[in-house]
Amino acid sequence: MRLAAPHGIWFYSFSYFMSAKSSKKSLRKYSSVITDGPSRAGARAFLRPVGFSEADFKKPIIGVASLWSMVTPCNMHLDELAREAEAGANAAGGKAIIFGTITVSDGISMGTPGMRFSLVSREVIADSIETVAGAEGFDAVITVGGCDKNMPGCIMALARLNRPGVFVYGGTILPGIHPVSKLECDAVSVYEAIGQHAANKLDDKGLKLIENCALPGPGSCGGMYTANTMASAIEALGMSLPNSSAQIAISHEKREDCQRAGAAAMALLKADIKPSDIMTRKAFENAITVSIALGGSTNAVLHLLAMAHSIGVKLSIDDFNRIGKKVPVLADLKPSGKYGMAHLSRIGGLPPLMKMLLDQGLLHGECMTVTGKTIAQNLKNVKPYPKDQDVVRSFNDPIKADSHLRVLYGNLAPTGAVAKITGKEGLKFQGRAIVFNSEEAAQKAIMSGKVKAGHVIVIRNEGPVGGPGMREMLSPTSAVMGLGLGKVVALITDGRFSGGSHGFVVGHITPEAAVGGPLSVVKNGDIITIDAVKNHLTLGISAAELKTRLKAWRPTKPTVTRGVLAKYAKLVTSASEGAVTDKNL
């Protein structure tokens, strides 16, 4: 049997995975401990009310982690998708159990103290999925995620468990349509409209119109922002089915994707293919390559490092520069481009781009995937994009000849920083520092007109420890763009950026200010140079002056001393190591 999928990709029933080693007992390595024998009558008693029949106790148990919530449109439909995955697993001979975990909305908490919990949620998601799957004896796990931190959190959990598993992306939102201009808009349109409103370029009614139309329904933010970047990276990694990353949230294709994921989890179990067989170093290089070609978010650096750590693969920020030298930006996608993820979906999704990269020798085609086939096998019959499209450029006409993701070093970032520079804003910026010790202080100054052309906005004490939580700076970057300062002002921070941020921006500066990094001693008026050709980030003072300033620096008291943020600040590593919380245990 085979099931047809869009764009010429075929998924088989995985019958060729059957082998002598795949006995029913081996398929129940974990669940048999939970349910088998007289001593486990209590466990079986608890499972009967939630839907287990006598026959189900002989089947492998497939956990389905649903990140459904009504907190955000990214996740509001995931309960329905989880049930599709459940049905797919059950039809393939398993017994699926749906369970939940948290999500938070970056879009709602952006620019507030609540944003400190965003990156923390990645760790909580990973911990909770690992906890439930470990406690309940699931033999395989399917994770269904939508918002930004869902995806790396899910993959980190699957990596730690190292049981057969599949990630399913909830899909992209459709673009909003402005009722007057008829132009497409999205979440970032709203944040940039706030800046336009502050500059008196947009009145109250105009702001309200954009607010009302930007997000028309379910799905993750519609540009090549962090959610779509990570979904694409995970597909390139091999941990989701082909084209899972580029389907519209409310489409029939997305429902089929979930059903196939259920069947794929069972097939992986029968074939004994685990995340460690898929998530190799070469697979991570594929993920980096695709993230660059798409013009993806700087958060890809942070999350791919964390995911690699969870599976035990050595990956460093320097790998992004190494790979980025030979990989061009090909996709003309928002925030710096003109198209949304729905446009990529309509012309064929991600597989044709991956086929282009493979044919160019930029992907490792031998890497295994959750289909049970290699990348090259999955892409063998993929058709190219239509000739009349301009969403994805050719190698002869790239958006940028090399990567937009730049890892910078210098006396301001001794252990690295991450820039997102497409070239549209230039490749070098030099200006005078205007320093703020929090995002709120910077936002107030930007909106009140204190930031002028030639300034380098410095926002510090927003790193993993200093925040704590490493907030995203979408509000200040969008305000800068909305005020029309995007090409004449730069912004640097030890925090991070939303995938929706664009302009001359540098984040993830390490060591961060809160632990005594050089960012902590920058003063108003200091000359700062950002060079995206030489990959340098430098503070224009002498080594002796920098040493004197650092010697006089004193740490401030922690802003949080109890609860999850305090625990996070205590355990978290540098952003250059993925900001993980289990490395130094």
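All values below come from the heavy atoms of this structure, side chains included, with hydrogens, waters and symmetry mates left out.
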Can you tell if the side chain of [X] reaches within under 4.5 Å of the side chain of [Y], non-hydrogen atoms only?
X: I61; Y: E136; value: no
X: M156; Y: H303; value: no
X: L379; Y: P351; value: yes
X: V120; Y: V104; value: no
X: L333; Y: V391; value: yes
X: D106; Y: E472; value: yes
X: D139; Y: K59; value: no
X: I399; Y: T422; value: no

Go through the structure and list residues passing side-chain hydrogen bond (donor to acceptor under 3.5 Å, both in side chains) with E84, not counting sequence neighbours.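 Applying side-chain hydrogen bond (donor to acceptor under 3.5 Å, both in side chains) to E84 gives R255, Q259.
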What distance separates [X] [atom1] from [Y] [atom2], expressed to the nearest 0.5 Å?
X: M279; Y: R281; atom1: CE; atom2: CZ; answer: 14.0 Å
X: L305; Y: K583; atom1: CG; atom2: NZ; answer: 9.0 Å
X: N75; Y: S66; atom1: CG; atom2: OG; answer: 8.0 Å
X: S53; Y: L47; atom1: OG; atom2: CG; answer: 11.0 Å
X: C147; Y: M230; atom1: SG; atom2: CE; answer: 13.0 Å

Of all the heavy-atom pairs spanning [X] and [Y], show the shortest one and how long it is.
X: G93; Y: M266; result: C-CE, 3.8 Å
X: S245; Y: E235; result: OG-OE1, 2.7 Å
X: W68; Y: M76; result: NE1-O, 3.2 Å
X: M224; Y: P335; result: O-CD, 4.0 Å
X: K326; Y: L362; result: O-CD2, 3.8 Å
X: L474; Y: M110; result: CB-SD, 3.6 Å

List in chain and number order the residues that pass salt bridge (charged side-chain N to carboxylate O under 4.0 Å, His left out) with D148, two or more places apart in sequence or in another chain; answer none if no residue qualifies.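 With neighbours one apart ignored, the set is empty.
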Any side-chain donor near an acceptor of the partner, [X] and [Y], under 3.5 Å:
X: N243; Y: E253; result: no
X: N286; Y: T289; result: no
X: R496; Y: T226; result: no
X: S297; Y: T229; result: no
X: Y169; Y: N228; result: yes

How about I250: does its CD1 atom have over 12 heavy atoms from other parts shown lying under 6.0 Å from it?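 Counting other residues, nucleotides and ligands, CD1 of I250 stays at 12 neighbours or fewer.
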Counting only heavy atoms not in F46, do more than 12 fall under 6.0 Å of its CZ?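 Atom CZ in F46 is not crowded, with 12 or fewer foreign heavy atoms closer than 6.0 Å.
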Candidates T72, T143, T103 - the one meeting side-chain hydrogen bond (donor to acceptor under 3.5 Å, both in side chains) with N150
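Between N150 and the candidates, side-chain hydrogen bond (donor to acceptor under 3.5 Å, both in side chains) is satisfied uniquely by T103.
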According to the side chain to side chain donor-acceptor pair (under 3.5 Å) rule, which pairs have a member within residues 347-360, sequence neighbours left out?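 Matches after skipping sequence neighbours: K355-D359.
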Notebook entry, point to check: Do R393 and D397 pass the salt bridge (Lys or Arg N to Asp or Glu O under 4.0 Å) test, and can you show the C-alpha distance, the side-chain angles, and the key distance before you say yes or no?
Noted result: CA-CA 6 Å; R393 302 271 193 94; D397 183 32; 3.5 Å; yes
ask   = Between V301 and L304, does a side-chain contact (heavy atoms from CB on, under 4.5 Å) hold up when you go through it step by step?
value = CA-CA 5 Å; V301 180; L304 287 171; over 6 Å; no
>> Taking E285's backbone N and O only, do any of them form a donor-acceptor pair with K282's side chain (distance below 3.5 Å, no angle check)?
In response: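 Side chain of K282 to backbone of E285, a donor-acceptor pair under 3.5 Å: no, none is there.
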Could you walk me through whether E80 and K254 satisfy the salt bridge (Lys or Arg N to Asp or Glu O under 4.0 Å) test, starting with their C-alpha distance in whole Å, then the side-chain angles of each, then the deciding distance to 0.1 Å, before giving a yes or no? CA-CA 11 Å; E80 299 174 12; K254 179 48 64 183; over 6 Å; no
For I311 and F284, run side-chain contact (heavy atoms from CB on, under 4.5 Å): C-alpha distance rounded to whole Å, both residues' side-chain angles, the deciding distance at 0.1 Å, then the answer. CA-CA 11 Å; I311 200 69; F284 277 99; 3.8 Å; yes
